[in-house]
Amino acid sequence: MRRLALSWPGSNRALDLVNFFVADVQTGFGPFVAVYLTTHKWTQVQIGFALTLGTVTSLVSQLPAGVLVDAARNKRAVASAALIGIIAAALLLALMPQQLPVLVAQMLHGFASCVLTPAIAAISLRMAGHAALGERLGRNARYASIGNGMAAAVLGATGAYLSSRAVFFLTAGLCVPALIALWSMSAGGFARAQTTTRFLDVASLRRLVADRRLLIFGICVLLFHLSNAAMLPLAGAAVTMRAGDLANLIIAACIVVPQIIVALFSPWVGRTAARIGRRPLLLLGWGALPLRGLLLAVLPGAWPLVAGQAVSGISAAVFGVMLPLLAADLTLGSAHFNLCMGILGLALFTGAAISTTLSGGIADTAGMPIAFLTLAGIGLLGFAIVWLVMPETRPASEAADGKLNPAVRE
């Protein structure tokens, strides 16, 4: 009989709120930074450098952040420190929109985000246990998606009716309820769960690095974001050319509709992965990518692009649940869960960074439809690797006992 993990019902609700507010906070960065700096007379070159610095910081911080979270005895303290770092970054942007403070804020936010994501995943693993982790991750994705959608509306209205600076004061303020929710979780069992006594186990580290499944899934993650990352920006450019004054409304729909699908679909993904295994869900998520690219390439007009973008909600729901779930599968019994998350995060950022440059060049030289079809082809390659090469990673003990921890369904 498998050992049931401890779970605290109130803590599950608190973790829902953590995911909701963290998504709110992360939405406060990204495009809002570009708008804010533009109002302060920054050139496009200066804005591009600042945004690139944040992206590069996130890229190079993936592995160190994973190691840091693995080594930490208290994951909640690490997550809290990351949230405080994000508060500092938001306040730097709001109070000192000069070059040096902005660059420091971008680097601070990049590193803090790389720490916060695996820390929340590690807390989720401890609370739910491995067998119920899929459903817990589905809940994480649902509340994060709701937070993203609501934050985009609230922060957008704040920037429009107050000021661009107010967006970052609000972003810093939203970290406070996230911190309160984080520390309202029951302390029972956390200290024991967060003592990583095998962190320096060289043998388990070697097994992880040499694990063929990690290499295959890392390639699948890279191809996923090589195909996925540029589709929305390209769709936005296509909408702008086709729709004129309605472009902003259609782009908003292209963002909101997938978020609704993620919120509805993610818990089902987590439950189903525990019941029938990981591969069928991976095939569903990776298979949606080439379909999305094809629809975006061939659908006429502007509004039908929303239907093409809606397909991304399926792939986003699957990816958001399956990446940390497979990381837990690959590191079961070791203390390298967050290092594995960092390795996969490195593959994610690499694919996303290449995607925008590659697709932009193709769109300029061959046109939007060819760019979408190229991205669809890359997605089809990722789907083929999942289908033909990627093995099932669900542990045998979980396959034998399909029951989920009931406290996660509260």
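Note: hydrogens, waters and symmetry copies are ignored here, and every other heavy atom, side chains too, is used.
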Item to check | Worked verdict on His130 versus Asp329 for side chain to side chain contact (heavy atoms under 4.5 Å, CB included) | outcome: CA-CA 8 Å; His130 190 279; Asp329 290 346; 2.8 Å; yes
Next on the checklist: Please determine whether side chain to side chain contact (heavy atoms under 4.5 Å, CB included) holds for the pair His109 and Val33, giving the CA-CA distance in whole Å, both sets of side-chain angles, and the decisive distance to 0.1 Å.
Outcome noted: CA-CA 12 Å; His109 173 257; Val33 174; over 6 Å; no
Is the backbone N or O of [Y] less than 3.5 Å from a side-chain atom of [X], with the two atoms forming a donor-acceptor pair by type?
X: Thr39; Y: Tyr36; result: yes
X: Arg271; Y: Glu135; result: no
X: Ser184; Y: Ala181; result: yes
X: Thr331; Y: Ser334; result: no
X: Ser266; Y: Ala263; result: no
X: Asn148; Y: Ala144; result: yes

Next on the checklist: What verdict does the side chain to side chain contact (heavy atoms under 4.5 Å, CB included) test give for Leu289 and Phe383, after you've listed the backbone C-alpha separation in whole Å, the side-chain angles of each residue and the deciding distance to 0.1 Å?
Outcome noted: CA-CA 8 Å; Leu289 279 175; Phe383 173 78; over 6 Å; no
Heavy-atom side-chain proximity of [X] to [Y] below 4.5 angstrom:
X: Leu208; Y: Leu339; result: yes
X: Leu358; Y: Ile378; result: yes
X: Met322; Y: Leu282; result: yes
X: Arg136; Y: Asp16; result: yes
X: Thr55; Y: Leu59; result: no
X: Pro280; Y: Glu392; result: yes
X: Leu15; Y: Met185; result: yes
X: Arg139; Y: Asn12; result: yes

Checklist outcome for this item: The ring pair (Phe, Tyr, Trp, His ring centres under 6.0 Å) partners of Tyr143 (sequence neighbours excluded) come to none
Next on the checklist: Test of understanding: with ring pair (Phe, Tyr, Trp, His ring centres under 6.0 Å), list the residues that count as partners of Trp387, not counting sequence neighbours.
Outcome noted: none
Next on the checklist: Does atom CZ (Phe49) have a neighbourhood of more than 12 heavy atoms from anything else shown, all under 6.0 Å?
Outcome noted: no
Next on the checklist: So for atom CE, which belongs to Met150, do other residues, nucleotides or ligands contribute more than 12 heavy atoms lying within a distance under 6.0 Å?
Outcome noted: no
Item to check | Nearest-0.5 Å distance, CG of residue Leu226 to CD1 of residue Ile354 | outcome: 6.0 Å
Next on the checklist: Does either side chain, that of Arg142 or that of Asn19, offer a donor lying less than 3.5 Å from an acceptor on the other one?
Outcome noted: no
Would you give me the side-chain donor-acceptor pairs under 3.5 Å for residues 90-103, sequence neighbours excluded?
none

Can you pull the side chain to side chain donor-acceptor pair (under 3.5 Å) pairs that have at least one residue in [range], sequence neighbours excluded?
range: residues 338-354; result: Asp70-Asn338
range: residues 80-96; result: Ser80-Trp183
range: residues 219-231; result: Asn228-Arg292

Next on the checklist: Go through it in stages, so that I can follow the logic: the residues are Trp268 and Leu281, the test is side chain to side chain contact (heavy atoms under 4.5 Å, CB included), and I'd like the CA-CA distance, side-chain angles, deciding distance and then a yes or no.
Outcome noted: CA-CA 10 Å; Trp268 177 85; Leu281 277 303; 3.8 Å; yes
Of all heavy-atom pairs between [X] and [Y], which one has the smallest distance, and what is that distance?
X: Ala347; Y: Gly218; answer: CB-O, 3.5 Å
X: Asn140; Y: Ser124; answer: ND2-OG, 2.9 Å
X: Ala79; Y: Leu116; answer: O-CD1, 3.7 Å
X: Phe21; Y: Ala178; answer: CB-CB, 3.7 Å
X: Met231; Y: Ala376; answer: CE-N, 4.3 Å
X: Arg394; Y: Arg275; answer: NH1-O, 3.0 Å

